[in-house]
Amino acid sequence: MKSARPGSILDGVSIRAFVACVAVACGSLAACAPRARPANAPSVVLVSIDTLRPDHLGCYGYRKPISPNIDAFRREAVLMRDVVASAPSTLASHASMFTSLRVQHHGASVAASSALRPGLVTLAEVLQRSGFATASFNGGGELHRVWGLDRGFGVYESATDSTVSEIGDDTLAAQVQLARKWLEGVGSRPFFLFLHTYEVHHPYTPAPERLHAIEPSYAGRLPDRISIRLLEKINSGQRKLAPGDLEHIVAAYDAEIASADAGFGELLDLLRRIGRYDSSIVVLVSDHGEAFGERGKVGWHGDTLYDEQIRIPLIVKLPGGQLAGKTVDPQVRGIDLAPTLLSQLGLPVPLQFSGTAIDFAGGAPDHPPWSVATIEGRPQGAAVRTERWKWYEGRLYDLEHDPGETRDVAALHPELEHELEDRLMASLRSREIAVATPVAMPDEVAQQLRALGYLE
Ligand SMILES: [Zn+2]
């Protein structure tokens with residue numbers, strides 16, 4: 001019975017055994033050196049709005065009109081309907097997007113105080129070596145350069161080392177202003193711009209006017225600003241929610257989305273103003289979701305691999321508005337983003353990458369039908385998911401008939417359990433398991449991680 005061995009995917013198979021049995025196809029940058037960039041290569045703008053649930057965007061079906069700019073952008077872009085992150089946490093998920101590797105293979109983990117494994121090639125490095133000007137303006141914390149995701153960026157500014165010093169000031173609009181100055185110096189070169197914000201991440205600190213626009217009347221006792229401490233009390237049972245309180249917390253989260261959406265609109269306006277919108281690939285993505293009542297958790301992520309925490313939005317505008325308005329329904333994964341972008345640019349995809357380029361036009365009929373997600377610091381707690389099934393902690397969920405993942409149906413489908421377990425093991429064995437790359441965390445990074453609720 002698999003229920004007798006919950007979370008036992010790696011039990012009896014040591015990490016060391018993985019290291020010994022794996023051949024890495026391409027771990028070094030030198031071995032993966034791309035060819036010179038093609039003429040007229042489009043630029044790439046990658047925007048990660050941290051902690052953004054897809055089902056809180058109008059273009060993914062949300063009924064509140066809080067994302068007008070993203071929804072309009074979607075009409076000019078391809079929307080991936082079913083997207084799964086590699087982890088429900090910031091560093092591990094972004095590292096997977098940038099290296100096209102699963103968490104066990106890239107090694108970047110705040111929980112393990114480990115930076116990105118040396119010798120891995122990142123998307124930014126490939127683009128930089130291909131002649132792109134590269135820059136990132138990000139929220140820092142789990143994306144601070146100490147974790148290694150700055151590789152390949154000519155400019156890498158985190159909120160912790162710029163004029164944006166408070167969590168509440170970490171807005172997408174502020175990152176766009178920093179990007180504007182950088183873009184002025186880029187000239188006509190192709191560029192790779194990576195913007196990231198914790199604006200939507202807890203604590204939820206919405207501007208009063210945005211909150212009141214979404215929630216005109218709330219008579220409860222919770223404050224308008226939802227702190228990490230308050231969420232901790234709620235999630236530990238010390239503070240009970242009254243009727244209307246959960247909706248109020250969701251409204252505060254939604255108000256932060258509305259603000260990030262406005263920042264996204266400013267970015268699109270900027271790109272149009274400098275004449276780089278139409279020719280560029282523009283990507284909107286997030287790194288993980290957020291629980292709002294599922295499994296008793298409110299305003300939280302990082303601790304389970306249920307869909308509310310690992311599903312993310314992914315919307316890609318191609319040069320010239322190709323395939324505008326198209327929807328890709330099959331499941332795709334965070335690790336697919338980097339190979340997708342390189343393929344669109346006509347650049348070789350490093351053998352290190354374990355993701356598969358998304359076939360926008362064909363609806364990805366041959367796309368690998370499984371995804372793997374992992375909680376940082378708990379490599380044995382991986383989940384494997386297909387469009388219909390998820391195997392997690394020794395239980396099997398039928399996502400089609402039970403999207404809330406509440407009923408274990410493993411006893412009804414023993415063959416699926418073995419198939420998914422085999423798939424997971426094969427995925428993990430496909431690359432070398434990373435050993436920790438210890439990080440000495442600067443005080444300002446520890447301080448910000450505390451403010452974001454990641455450290456005690
Ligand atoms: Zn995050």
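Hydrogens, waters and symmetry mates play no part in the numbers below; they use all other heavy atoms, side chains included. All figures in this text were calculated on a predicted structure; none of them were measured in a lab. Both ligands and their constituent atoms are indexed starting at 1 by order of listing.
Within Asp287, the N/O/S atom positioned nearest the Zn ion (ligand 1) carries the name OD2. Looking at Asp50, its N, O or S atom nearest to the Zn ion (ligand 1) turns out to be OD1.
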Inset, instruction - Using the ring pair (Phe, Tyr, Trp, His ring centres under 6.0 Å) rule, take Phe192 and Phe153 through it: C-alpha gap first, then chi angles, then the decisive distance, then the call. - result: CA-CA 9 Å; Phe192 173 47; Phe153 285 105; 5.6 Å; yes
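At least one N/O/S atom of Thr90, from backbone or side chain, sits under 2.8 Å from the Zn ion (ligand 1). The nearest N, O or S atom of His94 is not closer to the Zn ion (ligand 1) than 2.8 Å.
Under the 3.5 Å distance criterion, with hydrogens and angles disregarded, no donor-acceptor pair is assigned to the side chains of Ser354 and His105. Tyr62 and Asp254 are linked by a side-chain donor-acceptor pair at a separation below 3.5 angstrom, with hydrogens and angles left out of the test.
Here the rule is side chain to side chain donor-acceptor pair (under 3.5 Å) with Glu290, and of His56, Lys297, His301, His201 only His301 fits it.
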